[in-house]
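For clarity, every value in this text was computed on a predicted model and none was experimentally measured.
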Amino acid sequence: MSEHAMQQEAESAPGCDVPVTAAEVLLDGHRATRDRVARSILDHGPSSAADLASRLGLTAAAVRRHLDGLAAAGLVESREQRVYGSRGRGRPAKVFALTDGGRDAFYQAYDQLAADALRWISDSVGGGKAGEEAVAAFARARFGKQGEKYLESLRQAGAGERTEALAQALSEDGYAATVRRVPSAAAKAPAGAQLCQHHCPVAHIAEQFPQLCEAETEVFSQLLGTHVQRLATIAHGDGVCTTYVPAPGAASSPTLRSAGPGTGAVPTAGTSTEDSASAR
């Protein structure tokens with residue numbers, strides 16, 4: 001083998017694409033930090049430059065440079081921060097959220113295959129209303145099976161800790177879920193909670209088939225034993241999937257029930273006047 005051929009083979013071998021110059025080392029470090037910024041937005045939802053700087057141990061100026069690069073690449077976009085409840089004076093804070101392209105960089109979902117499969121399910125029963133219900137039945141079965149995995153963890157949690165237990169279980173499945181406590185509108189009433197999913201592996205499919213979001217919300221209601229209210233979804237263009245969970249005793253009984261299909265009457269995911277007021 002000639003020296004030139006050996007050199008070409010070595011350069012194409014796995015593990016050879018390492019930085020060889022100081023400029024390349026600096027460039028790779030820059031990319032790694034930019035990836036950390038994007039990952040932090042994925043894990044925590046829409047974030048301000050100050051929030052990112054605090055979480056990552058960077059200066060705000062450095063974070064803004066990376067955000068500018070991510071925005072130029074179409075991976076993040078800026079928006080006004082959504083505020084629940086009364087808004088104070090001054091301009092709303094600017095936060096940065098991942099675009100669809102930014103999310104695509106973090107997960108590989110066989111979107112087209114999944115969409116084709118759900119469309120086939122719908123068409124196989126004639127489409128229309130029957131097709132929608134067939135997709136909904138699949139979604140309920142799929143998320144019900146997923147919910148069965150979480151049931152034992154929630155049973156072991158106290159009444160006031162079930163939402164956190166569900167968030168932990170969701171995070172282990174890649175949903176990057178967190179919980180934010182929400183003060184009650186009524187004096188001395190227990191606080192509710194917002195269950196936030198910062199990542200959704202099926203967001204693109206749910207844009208076409210909202211039955212996926214509806215079924216997931218139903219399963220949350222069944223697992224937590226109370227009515228829940230969906231406030232926002234990534235599939236509808238929001239930065240985070242947000243579900244309001246009332247405090248124990250504020251809605252229906254918080255008795256845990258099986259999340260699987262065919263378990264009898266269960267609380268449905270819905271809203272009430274009290275829920276809506278607390279969520280806001």
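Using a 4.0 Å cut-off between a side-chain N of Lys or Arg and a carboxylate O of Asp or Glu, Glu133 and Arg140 qualify as a salt bridge. A salt bridge links Arg230 to Glu216: at least one charged side-chain nitrogen sits closer than 4.0 Å to a carboxylate oxygen. Asp123 has no carboxylate O lying under 4.0 Å from a charged side-chain N of Arg119, or vice versa, which leaves the two without a salt bridge. Between Glu164 and Arg162, no side-chain nitrogen of the basic residue sits less than 4.0 Å from a carboxylate oxygen of the acidic one, so the salt-bridge criterion is not met.
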Inset, instruction - Output, in order, the C-alpha distance, side-chain angles, deciding distance and verdict of side chain to side chain contact (heavy atoms under 4.5 Å, CB included) for Leu170 and Leu195. - result: CA-CA 10 Å; Leu170 288 166; Leu195 174 63; 4.1 Å; yes
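Nearest heavy atoms, Ala134 versus Val125: CB-CG2, 3.8 Å. What you find for Phe96 and Ser78 is that their closest heavy atoms are CE2-CB, 3.8 Å. Summarising the geometry of Ala206 relative to Ala235, their closest heavy-atom pair is CB-CB, 3.6 Å, with the distance given to 0.1 Å. Minimum heavy-atom separation, Ile205 to Ala115: CD1-N, 3.9 Å. His199 and Gly174 make their closest contact through CD2-O, 2.8 Å (heavy atoms, listed as atom of the first residue, atom of the second, distance). In terms of heavy-atom proximity, Leu223 sits nearest to Gly147 at CD2-O, 3.5 Å.
Results of the side-chain hydrogen bond (donor to acceptor under 3.5 Å, both in side chains) test with Gln146 over Arg142, Glu148, Lys149 single out Arg142 as the only residue that passes. Screening Asp35, Ile41, Val37, Leu42 against Arg39 for a side-chain contact (heavy atoms from CB on, under 4.5 Å) leaves a single residue, Leu42.
Between His44 and Ser47, the side chains place no donor N or O within less than 3.5 Å of an acceptor N or O (distance only, hydrogens not considered).
Atom CZ of Arg55 sits in a crowded spot, with more than 12 heavy atoms from other residues, nucleotides or ligands closer than 6.0 Å.
Separation of atoms CG (Leu212) and CZ (Phe209) is listed at 8.0 Å; rounding is to 0.5 Å.
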